[in-house]
Amino acid sequence: MKMSIFSVQDHYPDQPRGLGQLYGQVLEQARRAEQLGYDTFWVAEHHFHEYGAVPNPAVFLAALSQQTTRLRLGTAISILTFHNPLTVAENYALVDQLSQGRLSLGVGSGYLKHEFEGYDVDPATKRERFDENLMLVERLLAGERVSHEGKFNRIHAVRLNVQPVQQPVPVYVAILRREAAYHVGRQGRRMLFVPYAAVDNFEEIGLMMQDYRRGLAEAGIEDASGMAAVALHTHVAETDAQARERAARAFDLYVDTRLYARKQVYDDIIASGLSLFGSARTVADKLARLADMGLDHVMSLHNFGLMPQDRVLDSMQRLMAEALPLSGVRPVRAVPA
């Protein structure tokens with residue numbers, strides 16, 4: 001099982017921690033993740049609200065590329081619906097070059113109302129826009145000279161002047177609903193998902209993976225290894241009680257920033273099981289169950305709700321040094337830098 005970090009960069013303008021401090025903390029978390037053997041550092045894209053303070057993950061990942069040497073750098077996600085696919089392809093080809101081939105490109109169509117309003121994009125068109133833009137981004141990153149007359153883009157014989165190191169760049173499609181898992185699998189694509197938003201309880205993660213594998217099988221892919229990654233809020237402490245003491249208030253603050261979505265506070269998320277909160281033993285049992293469901297890549301979200309930096313780093317360390325060994329799952333640990 002691969003363990004990764006997922007960072008939303010939720011920001012609270014009325015609190016003492018400023019943006020510069022937040023960014024500095026996340027950069028430190030990435031450096032520590034590399035030392036601890038995490039696989040990938042995934043960064044979200046959000047606009048026009050404190051829910052997330054990185055509007056362009058390519059810029060942030062470019063900075064991370066210069067402070068790390070082994071850690072893979074991922075988008076979770078790049079919102080293709082809002083941007084010119086030429087610009088997206090250029091930005092991430094440059095990130096792949098700067099990182100010497102460490103980019104993992106997670107993509108999605110977006111879901112937040114205020115972001116569609118800010119970009120003046122009709123949400124009813126998002127699926128068509130996403131499909132067209134993804135097709136173009138993949139062709140451009142593959143080095144193709146692209147000509148295209150579509151509903152949303154006109155491109156005339158354009159080829160990127162900066163090509164990515166990786167061929168192909170690994171692309172993951174994010175989903176928000178269980179029924180989408182089958183369709184992404186049917187396309188033979190890699191998948192990212194956040195159970196908090198997609199299902200009602202922990203066991204449904206397994207059902208989602210069954211749907212995904214069924215789609216992959218119909219696409220002629222029998223081996224799902226490395227194809228799907230699941231993102232879960234995480235805090236590993238000495239005991240379950242200490243995890244609650246440290247993480248409950250921070251998680252509930254984070255939940256307050258979520259717009260247009262159900263709000264599950266700490267007690268709700270413990271009841272549904274859709275987190276990795278607790279002692280190393282509690283979290284290890286969850287990791288073992290995820291492995292039984294066929295998942296081999298976990299994106300752990302440690303930094304949320306103004307969680308103090310020392311607690312973020314402590315949880316990151318406990319997950320790798322204590323919970324993962326206890327789980328009995330064979331770790332796929334990247335070699336520390």
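Any value given below was found using the heavy atoms of this structure, including those in side chains, with hydrogens, waters and symmetry copies removed. Please read all numbers here as calculations on a predicted model, not as lab measurements.
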Please list every donor-acceptor pair under 3.5 Å in which a side-chain atom of residues 215-231 meets a protein atom from a residue at least two apart or in another chain.
{"residue": "E218", "atom": "OE1", "partner": "Y182", "partner atom": "OH", "Å": "2.5"}
{"residue": "E218", "atom": "OE1", "partner": "R186", "partner atom": "NE", "Å": "3.3"}
{"residue": "D223", "atom": "OD1", "partner": "S225", "partner atom": "N", "Å": "3.0"}
{"residue": "D223", "atom": "OD1", "partner": "S225", "partner atom": "OG", "Å": "2.6"}

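- Using a 4.5 Å heavy-atom threshold, the side chains of S99 and L61 count as separate.
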Stepwise, does the salt bridge (charged side-chain N to carboxylate O under 4.0 Å, His left out) test hold for D285 with R281?
CA-CA 6 Å; D285 290 345; R281 178 74 269 170; 3.1 Å; yes
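- A search for salt bridge (Lys or Arg N to Asp or Glu O under 4.0 Å) contacts involving E245 returns nothing, not counting sequence neighbours.
- The side-chain hydrogen bond (donor to acceptor under 3.5 Å, both in side chains) check on R330 picks up nothing, with sequence neighbours excluded.
- Under the 6.0 Å cut-off for aromatic ring centres, F304 and H235 do not qualify, their centroids lying 6.0 Å or more apart.
- Partners of F116 by ring-ring contact (aromatic ring centres under 6.0 Å, His included), not counting sequence neighbours, listed by chain and number: F82.
- The minimum heavy-atom distance linking P85 with L140 is given by the pair O-CD1, 3.9 Å.
- V146 places none of its side-chain heavy atoms less than 4.5 Å from the side chain of R159.
- The nearest pair of heavy atoms linking Q66 to L98 is NE2-O, 3.4 Å.
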Where do H46 and V54 land on the side chain to side chain contact (heavy atoms under 4.5 Å, CB included) test, with the steps shown first?
CA-CA 6 Å; H46 284 296; V54 174; over 6 Å; no
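- A continuous path of ILVMFWY side-chain contacts below 4.5 Å connects M293 to M191, so both sit in one hydrophobic cluster.
- By the 30° and 60° cut-offs, the orientation of the rings of H114 relative to H49 is tilted.
- Note that the CG atom of L301 and the OG atom of S275 stand 11.5 Å from one another [nearest 0.5 Å].
- With sequence neighbours excluded, the residues forming a ring-ring contact (aromatic ring centres under 6.0 Å, His included) with F60 are Y23, listed by chain and number.
- Nearest heavy-atom pair, M307 versus A250, reported as atom, atom and distance to 0.1 Å: CE-CB, 4.0 Å.
- You'll find the side chain of V121 stays beyond 4.5 Å of the side chain of K126, heavy atoms only.
- At most 12 non-hydrogen atoms from other residues, nucleotides or ligands lie less than 6.0 angstrom from CG of D120.
- The neighbour count for R17 CZ, taken as heavy atoms of other residues, nucleotides or ligands under 6.0 Å away, is above 12.
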Using side chain to side chain contact (heavy atoms under 4.5 Å, CB included), reason through D10 and E50 one step at a time and then give a plain yes or no.
CA-CA 6 Å; D10 45 315; E50 55 266 29; over 6 Å; no
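- When every heavy atom of D39 is checked against every heavy atom of R70, the shortest pair comes out as O-NH1, 3.6 Å.
- The pair D240-R244 fails the salt-bridge criterion, with no side-chain N (NZ, NE, NH1 or NH2) lying under 4.0 Å from an Asp/Glu carboxylate O.
- Under the 3.5 Å distance criterion, with hydrogens and angles disregarded, a donor-acceptor pair is assigned to the side chains of R102 and T68.
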Could you walk me through whether M1 and L290 satisfy the side chain to side chain contact (heavy atoms under 4.5 Å, CB included) test, starting with their C-alpha distance in whole Å, then the side-chain angles of each, then the deciding distance to 0.1 Å, before giving a yes or no?
CA-CA 10 Å; M1 179 176 284; L290 289 170; 4.3 Å; yes
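- Contacts classified as side chain to side chain donor-acceptor pair (under 3.5 Å) and involving residues 305-324 (residues at least two apart or in different chains) are given here: E28-Q309, Q29-Q309, R246-D314, H302-S315, D314-R318, R318-E322.
- F48 approaches G118 most closely through the heavy-atom pair CE1-CA, 3.7 Å.
- Taking hydrophobic clusters as Ile, Leu, Val, Met, Phe, Trp and Tyr residues chained together by side-chain heavy-atom distances below 4.5 Å, V88 shares a cluster with Y119.
- For T125, the side-chain hydrogen bond (donor to acceptor under 3.5 Å, both in side chains) criterion is met by R129, not counting sequence neighbours.
- Applying the side chain to side chain donor-acceptor pair (under 3.5 Å) test to pairs two or more places apart or on separate chains, those with a residue in residues 135-148 are E132-H148, E138-R189, R139-E144.
- F152 is not connected to V158 by any chain of hydrophobic side-chain contacts under 4.5 Å among Ile, Leu, Val, Met, Phe, Trp and Tyr, and they are in different clusters.
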Show which side-chain atoms of residues 167-179 pair as donor or acceptor with protein atoms under 3.5 Å away, not counting sequence neighbours.
{"residue": "Q167", "atom": "NE2", "partner": "L141", "partner atom": "O", "Å": "2.8"}
{"residue": "R177", "atom": "NE", "partner": "E179", "partner atom": "OE2", "Å": "3.0"}
{"residue": "R178", "atom": "NE", "partner": "D211", "partner atom": "OD2", "Å": "2.8"}
{"residue": "R178", "atom": "NH2", "partner": "D211", "partner atom": "OD2", "Å": "3.4"}

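- Residues S7 and F41 are in side-chain contact: their nearest non-hydrogen atoms beyond the backbone lie under 4.5 Å apart.
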Step by step, work out the side chain to side chain contact (heavy atoms under 4.5 Å, CB included) result for S279 and E238.
CA-CA 5 Å; S279 68; E238 288 189 17; over 6 Å; no
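- The side-chain contact (heavy atoms from CB on, under 4.5 Å) test applied to N201 returns E203, E204, not counting sequence neighbours.
- Contact check for L319 versus L324: no side-chain heavy atoms found under the 4.5 Å cut-off.
- Looking only at side-chain heavy atoms (C-beta outward), V107 and V137 stay at 4.5 Å or farther from each other.
- Between H233 and I269 the shortest side-chain heavy-atom distance does not fall below 4.5 Å.
- Taken together through direct or relayed side-chain contacts under 4.5 Å among Ile, Leu, Val, Met, Phe, Trp and Tyr, L306 and F277 form part of one hydrophobic cluster.
- Residues in residues 74-94 take part in these side chain to side chain donor-acceptor pair (under 3.5 Å) pairs, two or more places apart or across chains: E45-H83.
- Taken to the nearest 0.5 Å, the OH atom of Y212 stands 14.0 Å off from the NE2 atom of H183.
- Under the ring-ring contact (aromatic ring centres under 6.0 Å, His included) criterion, F202 pairs with no residue, sequence neighbours left out.
- A pairwise comparison of heavy atoms in T40 and G74 identifies CG2-N, 3.8 Å as the closest pair.
- Using a 4.5 Å heavy-atom threshold, the side chains of T69 and E34 count as touching.
- Side-chain contact check for Y254 and D256: no donor-acceptor pair (N or O, by modelled atom type) lies under 3.5 Å.
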